[in-house]
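Chain naming here is simple, since letters A, B, ... match the order of the sequence lines and numbering starts at 1 in each.
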Amino acid sequence: MADTAPDDFVAWVSGAQGPLLRSAFLVTRSEALAEDLVQEAVIKVAARWSRLRAGNPTAYVRTIIHRDHVSWWRRRRETPVADDLERPATYDSDLVERRLLVQDALAQLTRRQRAVIVLRYFDDLTERETAEVMGVAVGTVKSQASAALRRLREHDGLDALRGGEV
Amino acid sequence: MNEADLRRELRRASADISTHADPQDLWESGTRLRRRRQVLVVGGAVVGAAAVAVASVAVQALDTAAPDPPPATTSPTPPDDGNVPLGTVPYVTEGQVQPQFDPADLESVPWDPASAVRSWDPVDPVPLTENPVAHAAVAVQSDYDEPDAITVLGDDGRWRSLDVSDVEFSHSYEYGLGVTRGSLSPDGNQLAIGQTEGVVVVDLTTGEQTTYEVAGLGPRWQGREVFWSPDATTVYVSSTAATPARAIDLTTGETVAVPFEPGASAFLDDGRVVEYHWSQ
């Protein structure tokens with residue numbers, strides 16, 4: 001007989017899954033990989049829900065997603081390039097243009113820099129929380145964020161988005 | 001672009017990403033994962049040594065600990081298909097490599113009858129330091145995410161919980177820091193646990209623990225699987241992307257790099273190591 005998911009797990013998944021997926025997408029630049037990482041991580045949370053439900057399952061799942069992505073990346077031994085971006089079929093909306101522009105800028109970052117930027121400025125984590133998710137020192141987060149922001153500022157296309165104007 | 005601009009653009013760039021995964025499906029997958037983990041951890045602890053022996057369909061023997069190892073007792077005819085590189089080292093056949101560990105009789109282990117699956121929920125464990133074992137037959141980290149929750153089954157059929165002090169075990173979300181397939185010594189008297197700073201060895205007959213520092217491991221989560229030599233005087237640590245495999249001499253505390261992967265090797269009584277090689 002199938003085990004029925006408890007209500008608090010369903011509520012947590014319903015609320016957290018979307019933001020987690022979008023965060024993973026920004027880091028991985030692949031919808032398919034992001035979805036795989038998030039689902040695998042949520043399954044791991046489900047496996048120990050009795051212990052996580054009273055704590056912070058979202059923080060736990062972020063750590064799993066990050067580490068699984070690092071493992072995937074190491075296995076693949078692939079240098080990310082802009083051509084890897086999953087491009088939508090059409091390019092005729094501002095949203096798509098912005099998305100491609102931001103993705104192109106993120107693609108100029110190292111994997112670690114991209115993770116720091118997304119965790120700090122999309123997930124709104126503190127430097128310490130970001131360090132815990134990534135398993136690095138706070139100083140590393142600071143230095144990686146600084147280098148990443150400097151590189152993003154040097155990106156010609158992103159500069160045009162200042163103030164919300166394309 | 002300032003930080004506020006960056007936050008806004010990150011949100012816009014991912015706004016159309018959505019998921020349709022069903023929480024109920026994820027929950028059922030999690031339930032299956034939980035049951036599989038419980039069985040796997042135990043299976044690794046018990047069957048691991050035998051698996052190493054099976055894996056040692058030897059293709060190359062390395063002269064390591066013994067400076068002048070004795071020759072194999074028989075001289076098999078090497079295969080002539082040219083696919084197996086023999087080199088000039090002694091050739092060892094599968095039949096000459098036997099398990100050094102006598103796995104516990106699984107049917108005799110006290111199971112928790114209330115468990116829905118055949119999990120290894122230890123029954124009424126007592127602290128190890130209060131009641132050490134003469135020999136341990138099984139070591140179990142029954143919860144994958146709680147590396148401190150380690151129990152051992154003595155050859156008297158009673159469970160003990162590991163209550164070592166001054167050591168806070170860490171773990172990995174993958175590959176396992178904690179009890180791994182090679183953690184229990186062949187004689188069942190010691191438990192080795194890879195950690196970020198080195199290897200913690202617990203004497204299960206006394207409850208005393210010793211930490212052997214291994215440089216270069218750090219907070220990374222890869223590697224750190226441990227394996228024992230047949231005489232239980234050496235613990236081997238698996239390699240990582242950044243560090244070689246190492247051997248820790250427990251009598252001197254000295255650590256040296258070794259040119260083989262312990263997890264793909266069998267350790268013979270005469271000091272030779274049989275490493276499994278493959279090629280595509």
Side-chain angles (χ1 to χ4, degrees), chain A residues 2-6 9-14 17-18 20-23 25-26 31 34-35 38-39 42-49 51-52 60 63-64 67-68 71 74 88 95-96 98-103 105-106 117-118 120-122 124 135-136 149 152-153 155 158-159 161-164, chain B residues 1-41 116-117 119 142-146 148-149 170-177 196 217-223 240-242:
Chain A
D3 188 10
T4 302
F9 176 79
V10 174
W12 173 75
V13 171
S14 301
Q17 198 172 198
L20 289 169
L21 182 65
R22 289 188 279 277
S23 173
F25 165 72
L26 289 170
E31 284 189 48
E35 183 132 17
V38 171
Q39 287 195 15
V42 171
I43 287 170
K44 290 175 182 175
V45 169
R48 64 181 314 244
W49 183 248
R51 289 180 172 80
L52 289 172
Y60 178 84
T63 304
I64 295 176
R67 294 184 176 185
D68 283 354
S71 296
R74 284 183 176 145
L95 182 63
V96 171
R98 283 174 176 272
R99 174 174 160 179
L100 288 175
L101 200 55
V102 173
Q103 284 197 49
L106 290 175
I117 288 297
V118 173
R120 289 281 288 119
Y121 299 107
F122 180 79
D124 286 330
V136 299
L149 290 172
L152 289 175
R153 289 191 186 101
H155 190 274
L158 272 192
D159 196 50
L161 299 180
R162 180 180 294 142
Chain B
M1 167 174 278
N2 59 33
E3 292 183 1
D5 292 333
L6 178 59
R7 291 178 199 276
R8 183 190 63 246
E9 293 307 327
L10 288 174
R11 278 164 176 70
R12 287 180 173 174
S14 60
D16 58 340
I17 305 296
S18 62
T19 180
H20 306 288
D22 181 2
Q24 177 62 35
D25 292 342
L26 298 172
W27 178 258
E28 291 176 14
S29 297
T31 301
R32 287 193 293 273
L33 175 63
R34 183 172 62 246
R35 290 171 178 167
R36 195 163 63 241
R37 276 178 178 168
Q38 286 179 317
V39 176
L40 278 178
V41 170
V117 296
S119 64
S142 56
D143 190 313
Y144 180 75
D145 295 303
E146 290 190 4
D148 287 336
S170 60
H171 71 93
S172 162
Y173 292 103
E174 55 188 344
Y175 306 132
L177 287 182
T196 56
L217 292 182
R220 303 172 75 94
W221 58 89
Q222 284 190 317
T240 72

TODO: Examine distances only and state if a side-chain atom of Gln24(B) and a backbone atom of Asp3(A) form a donor-acceptor pair shorter than 3.5 Å.
DONE: yes
- [ ] Quick one: pull up CG in Leu20(A) and CD1 in Ile17(B) and give me the separation to the nearest 0.5 Å.
- [x] 14.0 Å
- [ ] Under 4.5 Å heavy-atom distance to chain B, tell me which part of Glu35(A) shows up: side chain, backbone, both or neither.
- [x] side chain
Task: Part of Leu26(B) lying under 4.5 Å from any heavy atom of chain A - done: both
Task: Considering all heavy atoms, the nearest Tyr121(A)-Glu3(B) contact - done: OH-OE2, 3.2 Å
Open item on the list: Heavy-atom pairs under 4.5 Å with chain B: which of Val45(A), Leu26(A), Val42(A) has the most?
Closed with: Leu26(A)
TODO: Drop me the distance from Asp124(A)'s CG to Leu10(B)'s CG, to the nearest 0.5 angstrom.
DONE: 10.0 Å
Open item on the list: With rounding to the nearest 0.5 angstrom, report the CD to OG distance, Glu31(A) to Ser18(B).
Closed with: 8.0 Å
TODO: Drop me the distance from Glu9(B)'s CD to Leu106(A)'s CG, to the nearest 0.5 angstrom.
DONE: 11.0 Å
TODO: Check Trp27(B) against Ala46(A) and note the closest heavy-atom contact, atom names and distance.
DONE: CZ3-O, 3.7 Å
TODO: To the nearest 0.5 angstrom, please state how far the CZ atom of Arg7(B) sits from the CZ atom of Arg120(A).
DONE: 6.5 Å
TODO: Could you tell me which of Pro6(A), Ala34(A), Gly18(A), Ser23(A) has the largest number of non-hydrogen atom pairs under 4.5 Å with chain B?
DONE: Pro6(A)
TODO: List the atom of Pro23(B), the atom of Ser14(A), and the distance in Å for their closest heavy-atom pair.
DONE: CG-OG, 4.2 Å
Task: Exercise: identify the closest heavy-atom pair between Ser14(B) and Arg22(A) - done: O-CD, 2.9 Å
Task: Per-residue contact mode, Phe122(A) against chain B (heavy atom under 4.5 angstrom) - done: both
